[in-house]
Chemist: 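Below is the structure I would like to discuss, written out as structure tokens.
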Amino acid sequence: MTPYYEDDAVTIYHGDAREILPTVTFDAVVTDPPYGIGYQQTIKTGRDWGTITGDESDALARWVIEAVHPTPMLVFGANHFPSALPEPGRWVCWDKRVVEAADRMLGSPFELAWMNGPDKAGFMYRIQHGGVVNADKGNLRRTHPTQ
């Protein structure tokens with residue numbers, strides 16, 4: 001499998017975790033799997049973005065958690081499938097709107113993530129979400145609101 005990005009400190013793969021994880025060694029996993037909530041978003045202009053592929057089930061999230069545990073992991077959206085979590089762990093809250101004007105932005109004002117490990121204290125991060133530069137590193141038209 002060819003890495004998506006690699007330097008001296010990290011290697012990032014882009015693909016199906018069920019194919020990648022069995023072929024690599026890793027120290028930690030950071031994942032934002034489909035939540036299993038059938039999410040569909042229509043923005044104020046009335047544009048219907050459709051559903052997120054694979055979001056009809058939390059099966060992939062459950063598979064990743066089972067495959068990775070007890071290796072350190074950070075799982076975004078785990079509040080949607082708490083029964084899949086193998087231990088109490090700790091919760092991380094990302095407050096995306098650190099200024100009042102940001103409340104007009106598209107999407108959720110915060111996200112929850114779960115971490116395994118012995119330290120049970122939670123974390124709150126207040127980091128403004130950019131929301132304008134897409135994952136493709138450009139300011140191209142979005143093909144999905146969560147890209």
Side-chain angles (χ1 to χ4, degrees), residues 1-43 49-139 142-147:
M1 167 104 6
T2 304
Y4 174 78
Y5 172 84
E6 187 172 26
D7 66 23
D8 292 339
V10 67
T11 303
I12 299 174
Y13 294 90
H14 179 237
D16 189 324
R18 294 166 291 194
E19 297 171 6
I20 296 170
L21 281 177
T23 68
V24 298
T25 58
F26 48 88
D27 297 319
V29 168
V30 177
T31 184
D32 192 358
Y35 302 160
I37 60 173
Y39 183 76
Q40 184 166 354
Q41 182 172 6
T42 303
I43 60 174
W49 292 92
T51 58
I52 297 173
T53 302
D55 196 40
E56 65 281 350
S57 167
D58 64 7
L60 179 58
R62 290 176 177 277
W63 182 89
V64 170
I65 291 167
E66 187 175 313
V68 172
H69 187 73
T71 301
M73 66 181 111
L74 175 67
V75 184
F76 282 89
N79 52 301
H80 294 287
F81 40 87
S83 64
L85 304 177
E87 59 186 79
R90 57 188 154 177
W91 289 97
V92 177
C93 180
W94 171 24
D95 178 359
K96 299 181 190 180
R97 299 179 180 168
V98 295
V99 295
E100 187 176 338
D103 283 341
R104 292 186 299 272
M105 289 175 45
L106 176 68
S108 174
F110 68 92
E111 285 190 42
L112 291 176
W114 175 86
M115 296 174 68
N116 61 343
D119 182 2
K120 304 300 185 225
F123 297 96
M124 170 70 83
Y125 291 99
R126 288 187 171 90
I127 302 170
Q128 183 69 48
H129 182 277
V132 289
V133 177
N134 296 333
D136 55 19
K137 300 179 185 165
N139 199 11
R142 290 176 176 263
T143 57
H144 198 279
T146 62
Q147 75 186 49

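Any value given below was found using the heavy atoms of this structure, including those in side chains, with hydrogens, waters and symmetry copies removed. In this chain, numbering begins with 1 at the start of the sequence shown.
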Chemist: With a 3.5 Å cut-off and sequence neighbours excluded, list the donor-acceptor pairs that the side chains of residues 13-20 form with protein atoms.
Modeler:
residue	atom	partner	partner atom	Å
Asp16	OD1	Arg18	N	2.8
Asp16	OD1	Arg18	NE	3.0
Asp16	OD2	Arg18	NE	3.4
Asp16	OD2	Arg18	NH2	2.9

Chemist: What salt bridge (Lys or Arg N to Asp or Glu O under 4.0 Å) pairs are there with at least one residue in residues 22-31, not counting sequence neighbours?
Modeler: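 Of all non-adjacent pairs touching residues 22-31, none passes salt bridge (Lys or Arg N to Asp or Glu O under 4.0 Å).
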
Chemist: Of the non-hydrogen atoms in Leu60 and Pro34, which two are nearest, and what is the gap between them?
Modeler: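 Shortest heavy-atom separation between Leu60 and Pro34 comes out as CD2-CD, 3.8 Å.
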
Chemist: Could you list the donor-acceptor pairs under 3.5 angstrom formed by side chains in residues 63-86, with sequence neighbours left out?
Modeler:
residue	atom	partner	partner atom	Å
Thr71	OG1	Val68	O	3.2
Ser83	OG	Arg62	NH2	2.6

Chemist: I'd like to check the side chain to side chain donor-acceptor pair (under 3.5 Å) partners of Thr11; sequence neighbours left out, ordered by chain and number.
Modeler: Glu6

Chemist: Quick check against the 3.5 Å criterion: does Asp55 have a side-chain atom that pairs as donor or acceptor with the backbone of Gly36?
Modeler: yes

Chemist: If I compare all heavy atoms of Glu111 with all of Tyr35, which pair ends up nearest, and what's the gap?
Modeler: OE1-OH, 3.9 Å

Chemist: Taking the side chain from Asp95 and the backbone from Phe110, do they hold a donor-acceptor pair closer than 3.5 Å?
Modeler: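 Checking the backbone N and O of Phe110 against the side chain of Asp95, no donor-acceptor pair under 3.5 Å is found.
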
Chemist: Using side chain to side chain donor-acceptor pair (under 3.5 Å) as the criterion, list what pairs up with Asp7, not counting sequence neighbours.
Modeler: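 Expected list: Tyr5.
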
